[in-house]
There are 2 protein chains.
Amino acid sequence: MTTDAARTTGDEEEAEFLRAYDPRDFPPAAIVVDVVLLTIRAGRLSILLVERAGHPFKGAWALPGGFVEPDEDTDRAASRKLADETGLATFPGHLEQLRTYSSPDRDPRMRVVSVAYVGFMPDLPAPAAGSDAASARWWAFDDVVAEDGPALAFDHATIVADGVERARAKLEYTPLAASFTTEPFTLVDLRRVYEAVWGVELHVGNFRRKVLSTSGFVERLGVTSPPEGTRGRPAARYRRGDATILHPAMLRPGTLGADDADDDL
Amino acid sequence: MTTDAARTTGDEEEAEFLRAYDPRDFPPAAIVVDVVLLTIRAGRLSILLVERAGHPFKGAWALPGGFVEPDEDTDRAASRKLADETGLATFPGHLEQLRTYSSPDRDPRMRVVSVAYVGFMPDLPAPAAGSDAASARWWAFDDVVAEDGPALAFDHATIVADGVERARAKLEYTPLAASFTTEPFTLVDLRRVYEAVWGVELHVGNFRRKVLSTSGFVERLGVTSPPEGTRGRPAARYRRGDATILHPAMLRPGTLGADDADDDL
DNA sequence: GAAATAGTGTCTATAAGACAGTATAAA
DNA sequence: TTTATACTGTCTTATAGACACTATTTC
């Protein structure tokens, strides 16, 4: 179909069409990105929230994010916002698109479509200097969803819930748990990531067997000197392997039929 | 955090803020939806494409879709477009958000952000009448991605590939294969869905054992009279069960380590 | 040696792959 | 009775859950 000749003719016509085109013919909207940025702090799954300084939702807590500039795509906007927010030149973790939220009244100002992202990063000491993040802090996820938790702006409570569910699912079939750690890590570190994100206790021996028998999940670096002041047998260190998906997947315990809540219409 | 008193004061201030707000302060964009609509025709995974009547990409093939109206969210826009396109009052299948495509130059006219959807539907006879779909036709997926396949508009080749990969993944851990059939269906019908979407042959006996042993996947209706002109033993009919996810998942054969291509940055 | 932490071995249950067989219909 | 289609049984292998055990360090 669509011969080359037809396309060539079309290209000339198309240039003319584009010269005459008026962008104001279409219903406009603003595009923002919002990031569910997750880490493990003190053994708890934690999320970065920013207290809103201005209207709307002044004083409520919101996901880090902001408007997408005309010359960037949403991936780049999300990376840029995270660099601003964490004060780091490059974001030291994993970042992926979550989904898009487009209810016409989700922002009282105007039509604002939010392309949400979810990010995983290690628990780095906050750099603070030079960052946008005067009003930002980490919240334990359990505290955010608790009865007496913070008021969340816009539809960010929904986005947070969806982001955490995505994180839980991703740990099942990808090696991305390692994105929550700094390398080198121990298998105990890795297990604590699973336990914090899934909110369960995992069996030590079975977890080790599973991780080590899944090819490309981790690479052993050997036993190096443990941190000062630790007791007990020093743990072997690992780094990420080259797998992008886990085969077979890690199984999340307690997932017995009812679970998940996908984005049907 | 954020006492009720503070929120009340804020609400008055906020109303004032919104009265003074000028939406033109933000970089505008148009929002469209594009749908990767899949079905099984003659045993082949097939996708609905529309030949573009106007510029840009005049004569090329594109995903069905279009602009999101000011008073609707993208879910509703996608459903509406499918109803227009198929000529059916309500879309007879499964529809879910895929991901959002936002490269600044993906549309030569202006900044257009596409929220893509993926849909599964049975192979219904085309109603034609009253539909937008004069220029629409089903393409076998293999033919679309072939060397001599149709020219696809915008970044729709990428969206098609992502949509098909989503469909393949969804059949693994959900009972959505049934969305490709009309009820009642036979287990042979269901197996042919898997074979068409995954592009593999499945072992008959093992497939049956797996489907029937996964609780909530299908419900048996009994053996009803087979269609005219069929030979051989009549097959038992089933309808969907009440499960939303499969436990354990259906395993896609040949997924041995390398596969998947997720949306990292 | 006691305490603390890391790591191994093994039995059992479940589920998947392979493959050979039986059942029920039309011509 | 042949042919076509639907369905069942069973042996083997891979993986996960449960749980008891051994190893290496500090104090």
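Protein chains get the first letters and strands the later ones, always in sequence-line order, with residue 1 at the start of each.
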Taking every heavy atom of B:Thr74 against every heavy atom of B:Gln97, the minimum-distance pair comes out as OG1-OE1, 4.4 Å
Restricting both atoms to N or O, compile the protein contacts to nucleotides 23-25 of chain C shorter than 3.5 Å, with distance only.
from: C:dA23; atom 1: N3; to: B:Arg233; atom 2: NH1; distance (Å): 3.4
from: C:dT24; atom 1: O2; to: B:Arg233; atom 2: N; distance (Å): 3.3

B:Leu212 CG to D:dG9 C1', in whole Å, measures 14 Å
Can you confirm if the NZ or CZ of B:Arg99 lies within 45° of the ring axis of B:Tyr101 and under 6.0 Å from the centre of its six-membered ring? yes
Check: Checking all strands, does A:Thr230 fall into the base, sugar-phosphate, or nothing category for heavy-atom contacts under 4.0 angstrom?
Finding: sugar-phosphate
In whole angstroms, the gap separating P of D:dA16 from CZ of A:Arg208 amounts to 16 Å
Whole-Å distance, B:Leu251 CG to D:dT13 P, equals 19 Å
Q: Answer yes or no: does a side-chain N or O of B:Lys210 lie under 4.0 Å from OP1 or OP2 of C:dA16?
A: yes
Whole-Å distance, B:Leu202 CG to C:dC19 P, equals 16 Å
Under 4.0 Å between a Lys/Arg side-chain N and an Asp/Glu carboxylate O for A:Arg44 and A:Asp143? yes
| In terms of ring plane angle, is the pair B:Phe120 and B:His94 parallel, tilted or perpendicular, where the classes change at 30° and 60°? | tilted
Review point. Is any side-chain N of the basic residue among B:Arg240 and B:Glu219 closer than 4.0 Å to the acidic one's carboxylate O?
Key: no
Here the distance between atom C1' of D:dT15 and atom CE of A:Met250, to the nearest Å, is 12 Å
* To do: Report which part of the nucleic acid A:Val204 touches: base, sugar-phosphate, or nothing (heavy-atom distance under 4.0 Å, all strands).
  => nothing
Whole-Å distance, B:Asn206 CG to D:dA14 P, equals 15 Å
Item to complete: Could you tell me whether the side chain of A:Arg209 has a donor or acceptor atom within less than 3.5 Å of a complementary atom in the base of D:dG17?
Response: yes
Rounded to whole Å, the CZ-P distance (A:Arg191 to C:dT5) equals 12 Å
With a 4.0 Å cut-off on N to O distance, would you call B:Lys170 and B:Glu96 a salt bridge?
yes
State whether B:Glu172 and B:Arg252 are salt-bridged, where the test is any N-O pair (Lys NZ or Arg NE/NH1/NH2 against Asp/Glu carboxylate O) under 4.0 Å.
-> yes
Atom CZ of B:Arg252 and atom C1' of C:dA16 are separated, to the nearest Å, by 17 Å
Residue pair A:Gly229/A:His203 against DNA chain D: nearer the 5' end by closest nucleotide is A:His203
